[in-house]
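Worksheet: the structure to be examined is printed underneath.
As the structure is a prediction and not an experimental result, all values here were calculated from the model. Letters go in sequence order (proteins before strands), and every chain restarts at 1. Basis for what follows: all heavy atoms, side chains included, without hydrogens, waters or symmetry-related copies.
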Protein chains: 2
Amino acid sequence: MDVASVEGLDGLSIGGLASDLGMSKAGVAGHFANKQQLQLEAVDAAVELFTAAIAPALRERAPGLDRLRAGVEAWFAYLEDTPFPGGCLIQAAAAEQDGRPGPVRDAVVAADDRWRAFLLRELHAAIEAGELPADTDAEQRCFVLLALGAGLNQAAQLRADPRAGDRARRAARPLLDG
Amino acid sequence: MDVASVEGLDGLSIGGLASDLGMSKAGVAGHFANKQQLQLEAVDAAVELFTAAIAPALRERAPGLDRLRAGVEAWFAYLEDTPFPGGCLIQAAAAEQDGRPGPVRDAVVAADDRWRAFLLRELHAAIEAGELPADTDAEQRCFVLLALGAGLNQAAQLRADPRAGDRARRAARPLLDG
DNA sequence: CAACTTAGCGTACGATCGTTCGTGTGTAAA
DNA sequence: TTTACACACGAACGATCGTACGCTAAGTTG
């Protein structure tokens, strides 16, 4: 995951991993059916790590705005300070794999969809609970939240902007209120 | 640029280009000092093409909100319907090259900075002209506009969402008014 | 006409790529 | 004690990578 976050899923190479790990090329390759499987497992592992980073913040939060706020805050904090040297692997893989068909792209899209579905679900729950006006455009709010995440990731990775997290939070605040 | 927009700047290969063009590998390689120069020229060409796509919309627009609105609209239209099969090359290269040092990354960052500088300049001009309140946080508005661009690009490329352009425009509207 | 530049070609090099064998070496189950 | 299995190894394969060299044909400039 560390390598893939910097070099991309295509930049992953069996030989490179082997020398990083002090192993032989065959020793590394034996753990995966083929390179594509390695890429898929890297995506899966990154999704699992992201989920584990977010889940605690959601625990015991009621569906709706409260849960949404907690999720977005944990998400932004994750993007601001990722566990990988090259930033959020899902974001990087999404930008890399868009445009190319195949199972790897599908896995990345599925991962992205899961998070999008969470945002939408909580927005609708907030509407249903009366926390947001009944005519709120949930998809519009979801789009902007996803955009703020992408923008935060770009500002943090490309520009190393330390204020990016707060800017994203400030912009998101009116979207998380009634 | 077509290849790089899909495969990334690292996915560019002399041999691949050669067979695409029906030329020999040496015939293609002779036009560039080395591969890095090829990558840099691809970035330069993409910047030039983007500039050419935006410039007409800015012509004869007064600095300030009017010029800013025209620039953002042209920008979103460009992201919505890019001249490359893999989406905006600068956006793709930015996501690919963040995290890796070197001249290619520097060129991508410089290209991104140029656009960011345009947005900031027009925002400040709008403040100076009294079109925006004097206490407007130009950098905050700039951050959100850049985020909407990134989000639009992601939605268009990864999700092929036909409504992404309108969603970005709708979200940007309050940022382009007084 | 002669000198020079340009563009493209074929060929070759060392390196790295993903993948596939056969082999040895442990550890765990029968 | 024997069998089975997981793990890592070295070696080799065909392919592709970037780069370099020498050559030819066409065009430009003096």
Side-chain angles (χ1 to χ4, degrees), chain A residues 1-48 84-86 89-90 92-108, chain B residues 1-46 48-49 84-86 89-90 92-108:
Chain A
M1 289 188 284
D2 283 348
V3 175
S5 78
V6 173
E7 309 289 345
L9 288 175
D10 273 355
L12 276 177
S13 82
I14 313 278
L17 287 179
S19 85
D20 286 352
L21 297 168
M23 286 177 60
S24 71
K25 218 165 63 160
V28 173
H31 289 272
F32 308 94
N34 48 43
K35 177 172 173 175
Q36 187 175 91
Q37 204 61 37
L38 162 65
Q39 295 173 315
L40 289 171
E41 294 195 26
V43 172
D44 285 350
V47 169
E48 200 163 337
F84 312 123
L89 181 52
I90 310 293
E96 180 192 16
Q97 297 288 328
D98 70 25
R100 267 177 286 182
V104 181
R105 184 208 147 99
D106 295 345
V108 173
Chain B
M1 288 186 286
D2 283 347
V3 176
S5 78
V6 174
E7 308 289 344
L9 288 174
D10 273 355
L12 277 177
S13 82
I14 312 278
L17 287 179
S19 85
D20 287 352
L21 297 168
M23 286 175 59
S24 71
K25 217 166 65 162
V28 174
H31 289 272
F32 308 94
N34 47 44
K35 176 171 173 176
Q36 187 175 91
Q37 203 60 36
L38 163 65
Q39 296 174 314
L40 289 172
E41 294 195 25
V43 172
D44 285 350
E48 201 163 337
L49 209 144
F84 311 124
L89 180 52
I90 310 293
E96 179 192 16
Q97 295 290 327
D98 69 25
R100 269 177 284 182
V104 181
R105 184 209 146 100
D106 294 346
V108 174

(message) Measure CD/B/Glu7 against C1'/D/dC17 and give the value in whole Å, please.
(response) 15 Å
Results of side-chain contact (heavy atoms from CB on, under 4.5 Å) for [X] - residues two or more places apart only:
X       : value
A/Ala93 : A/Leu9, A/Val108
A/Met1  : A/Ala45, A/Ala46, A/Leu49, A/Phe84, A/Leu89
B/Ala92 : none

(request) Hey, could you give me each pair passing salt bridge (Lys or Arg N to Asp or Glu O under 4.0 Å) that has a residue in residues 1-24 of chain B? Not counting sequence neighbours. (result) A/Arg100-B/Glu7, B/Asp10-B/Arg100
(request) Could you note down all residue pairs passing side-chain hydrogen bond (donor to acceptor under 3.5 Å, both in side chains) where residues 23-38 of chain B supplies at least one of them, sequence neighbours left out? (result)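 For residues 23-38 of chain B: none.
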(request) Spell out protein contact along nucleotides 7-24 of chain C as letters: B when the base is contacted, S when just the sugar-phosphate is, - when no protein heavy atom is under 4.0 Å; keep the 5' to 3' order. (result) -SBB------BBBB----
